[in-house]
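Here the structure comes first, spelled out in structure tokens, and everything after it is commentary.
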Protein chains: 2
Amino acid sequence: MSLAQLHYFVAVAEEGHVGRAAARLRVAQPPVSRQLRALEDELGQALFERTPRGMRLLPPGERFLVYARAALSAIEQGRAAVTEARGTRGNVQ
Amino acid sequence: MSLAQLHYFVAVAEEGHVGRAAARLRVAQPPVSRQLRALEDELGQALFERTPRGMRLLPPGERFLVYARAALSAIEQGRAAVTEARGTRGNVQ
DNA sequence: TGAGGTTACGCCTATCGTAATAATG
DNA sequence: CATTATTACGATAGGCGTAACCTCA
């Protein structure tokens with residue numbers, strides 16, 4: 001699993017469309033499609049249903065989405081916590 | 001930032017020692033050392049103090065540790081949530 | 001037959017491990 | 001001078017983009 005996979009997964013879940021997700025991510029479609037499949041392979045579970053109209057989340061995908069967002073959010077918070085720390089690093093001892 | 005960097009960071013924070021962290025991660029020392037530095041570079045902030053005895057967390061590192069663990073934990077929970085879903089995927093519709 | 005997703009393939013970047021090097025108490 | 005971290009370097013693997021292909025209503 002990789003952070004890119006989580007980002008791609010969330011984007012596709014939100015767009016319901018690999019093409020739009022890729023555009024939003026400023027990446028070509030194939031990487032998104034591949035990483036999505038790799039993620040499903042690793043989890044041993046399909047996360048999306050493929051339809052001629054796009055991608056629809058399956059129940060396992062819905063469940064995973066919650067934690068994918070949580071993980072990405074934690075990382076952003078961590079980044080912010082460290083960045084805000086600039087100037088507070090007096091006590092290096 | 002990568003998940004490997006987060007794993008490496010947490011291991012080093014817990015071990016206080018790149019060598020032991022690497023052994024625990026079943027990886028050579030250099031990758032751990034490099035990824036740690038890359039992480040610090042990306043965050044624009046030192047996370048550890050280097051001593052001849054090993055590595056000690058600096059305040060920004062302490063702050064980041066909380067969120068790094070949260071992110072990794074969320075991923076594990078996500079994995080579990082999907083895995084447990086096996087057999088519950090009746091309503092694919 | 002058109003909209004959308006996937007596979008093939010070549011290139012490029014990133015990461016690893018071994019070995020050598022630096023730093024510090 | 002021993003312990004620990006870092007840098008050099010060659011080899012490998014992973015990921016991207018373009019282009020071609022498949023599928024289904």
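Lettering follows sequence order; numbering is per chain, from 1.
Rounding to the nearest 0.5 Å places CG of B:L3 at 7.5 Å from CE of A:M1. A distance of 5.0 Å separates OG in B:S2 from CD in B:Q35, rounded to the nearest 0.5 Å. The distance from the CG atom of B:L6 to the CD1 atom of B:I75 is 7.5 Å, given to the nearest 0.5 Å. Separating the CG atom in A:L36 from the CD atom in A:Q29 is a distance of 13.0 Å, to the nearest 0.5 Å.
No side-chain donor-acceptor contact under 3.5 Å links B:R50 to the backbone of B:M55. Between the B:R63 side chain and the A:V82 main chain, no donor and acceptor come within less than 3.5 Å of each other. Although no hydrogens or angles enter the test, the distance criterion places a donor-acceptor pair under 3.5 Å between the side chain of A:E40 and the main chain of A:F48.
Helix-axis bend for the helix from C:dT1-D:dA25 to C:dG25-D:dC1: the local axis fitted to the five terminal pairs at one end deviates from that at the other end by 30°, rounded to 10°.
If you check residues 20-35 of chain B against DNA chain D, the residues with a heavy atom closer than 4.0 Å are B:P30, B:S33, B:R34, listed by number.
Side-chain heavy atoms closer than 4.5 Å link hydrophobic residues (I, L, V, M, F, W, Y) into clusters, and following such links, even through other members, never connects A:L72 to B:Y67.
Taking side-chain N and O atoms only, B:Y8 has no distance below 4.0 Å to OP1 or OP2 of C:dT15. Checking the phosphate oxygens (OP1, OP2) of C:dA3, no side-chain nitrogen or oxygen of A:R53 falls inside 4.0 Å. Listed pair A:R50 / C:dT6 meets the phosphate criterion, a side-chain N or O lying under 4.0 Å from OP1 or OP2.
Between the CZ atom of B:R37 and the P atom of C:dA22 there is a distance of 16 Å, rounded to whole Å. The separation between B:R56 atom CZ and D:dT4 atom P is 15 Å, rounded to whole Å. Distance A:E40 CD to C:dT6 C1': 12 Å, rounded to the nearest Å. For the pair A:H7 NE2 and D:dC16 P, the interatomic distance rounds to 13 Å; values are reported in whole Å. The distance from atom CZ of B:F9 to atom P of D:dA5 is 15 Å, rounded to the nearest whole Å. In this structure, the NE2 atom of B:H17 is 12 Å from the P atom of D:dT6, given to the nearest Å. B:L39 has its CG atom 16 Å from the C1' atom of C:dA14, to the nearest Å. Computed from coordinates, the B:E49 CD to D:dA5 P distance equals 13 Å when rounded to whole Å.
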Would A:R79 and B:E42 count as a side chain to side chain contact (heavy atoms under 4.5 Å, CB included) if you check the C-alpha gap in whole Å, the side-chain angles of each, and the deciding distance to 0.1 Å? CA-CA 9 Å; A:R79 209 186 290 270; B:E42 181 176 342; 2.9 Å; yes
